[in-house]
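The structure appears right after this line, and notes come after that.
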Amino acid sequence: ASFAGSLSYAGSSNTGSVVQSERRVNLIAYAVDVSAGRSFSAQAQLIDVLNGAALVGSTVTFTFQGTTITRLTDGVGVATAAFTAPLTVGDYQYVATFPGDANYSATSGTGTVHSKLRPTSLTPFGVTVPAQDPFGASARLLDGDTSGAVAGRTIEFYFQGVTQTA
């Protein structure tokens with residue numbers, strides 16, 4: 001900086017330093033509901049704290065159940081990574097991490113993965129038999145997400161107070 005001087009004061013100059021610090025950001029990791037064993041998208045949005053702007057083209061690393069995937073944020077600051085939910089029902093956590101760069105500070109966020117029971121569809125097959133004759137009952141059990149057959153599961157049949165399993 002310099003002062004040229006005036007009629008009453010002599011001119012002077014000196015130097016100073018400007019220290020630029022990294023801007024703060026928020027990384028918002030979103031919760032996910034998914035059927036056990038199915039794939040899901042973990043998503044995290046990177047936002048500039050000062051002005052609320054999305055950070056576009058920034059690196060975000062996701063970690064879930066020992067698997068790490070790195071992705072770039074899109075036009076609205078969202079990065080997305082695909083994982084598979086555990087086969088056991090329950091709540092799990094994934095971590096999204098932004099390592100920081102020349103302008104923005106590092107940060108991380110944690111999202112919850114709610115692994116829920118897989119839906120099923122049970123269709124018993126009707127039978128026509130003469131009164132008092134024995135009959136066999138059968139049914140088809142399908143996975144509600146994939147419509148594929150679910151094998152190896154026990155089905156209970158109820159008829160006139162009697163329960164049979166197959």
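No experiment lies behind these values; they were computed from the predicted model shown. In what follows, residues are counted from 1 in the order of the sequence shown.
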For the side chain of [X] and the backbone of [Y], is there at least one donor-acceptor N/O pair under 3.5 Å apart?
| X | Y | result |
| --- | --- | --- |
| Gln45 | Val76 | yes |
| Thr73 | Gly57 | yes |
| Ser121 | Leu142 | no |
| Ser115 | Pro86 | yes |
| Arg140 | Thr123 | no |

Can you find a pair of side-chain heavy atoms, one from [X] and one from [Y], that are under 4.5 Å apart?
| X | Y | value |
| --- | --- | --- |
| Thr68 | Thr61 | yes |
| Ile155 | Thr165 | no |
| Thr63 | Thr97 | no |
| Thr107 | Asn26 | no |
| Val78 | Thr80 | yes |

Just how far is it from atom [atom1] of [X] to atom [atom2] of [Y], taken to the nearest 0.5 Å?
| X | Y | atom1 | atom2 | value |
| --- | --- | --- | --- | --- |
| Asp145 | Thr120 | CG | OG1 | 10.5 Å |
| Arg71 | Ser58 | CZ | OG | 15.5 Å |
| Leu55 | Asp101 | CG | CG | 7.5 Å |
| Tyr104 | Leu46 | OH | CG | 8.5 Å |
| Tyr158 | Gln164 | OH | CD | 11.5 Å |
| Phe159 | Phe135 | CZ | CZ | 4.5 Å |

[X], [Y]: one ILVMFWY side-chain cluster at the under-4.5 Å cut-off?
| X | Y | value |
| --- | --- | --- |
| Leu72 | Val25 | no |
| Val89 | Val34 | no |
| Phe64 | Val95 | no |

Taking all atoms of both residues into account, what is the closest heavy-atom pair of [X] and [Y], and its distance?
| X | Y | result |
| --- | --- | --- |
| Ala137 | Phe157 | CB-CD2, 3.6 Å |
| Arg118 | Ala36 | CD-O, 3.1 Å |
| Pro124 | Leu122 | CD-O, 3.6 Å |
| Ala81 | Ile69 | CB-CG2, 3.9 Å |
| Pro99 | Ala106 | O-CB, 3.4 Å |
| Ala79 | Val60 | CB-CB, 3.8 Å |

Parallel, tilted or perpendicular: ring planes of Tyr94 versus Phe40, cut at 30 and 60 degrees: tilted
Neighbour count above 12 (heavy atom, 6.0 Å) for [X] [atom1]:
| X | atom1 | value |
| --- | --- | --- |
| Gln65 | CD | yes |
| Phe125 | CZ | yes |
| Arg24 | CZ | no |

Ion pair check, Asp33 and Lys116, cut-off under 4.0 Å: no
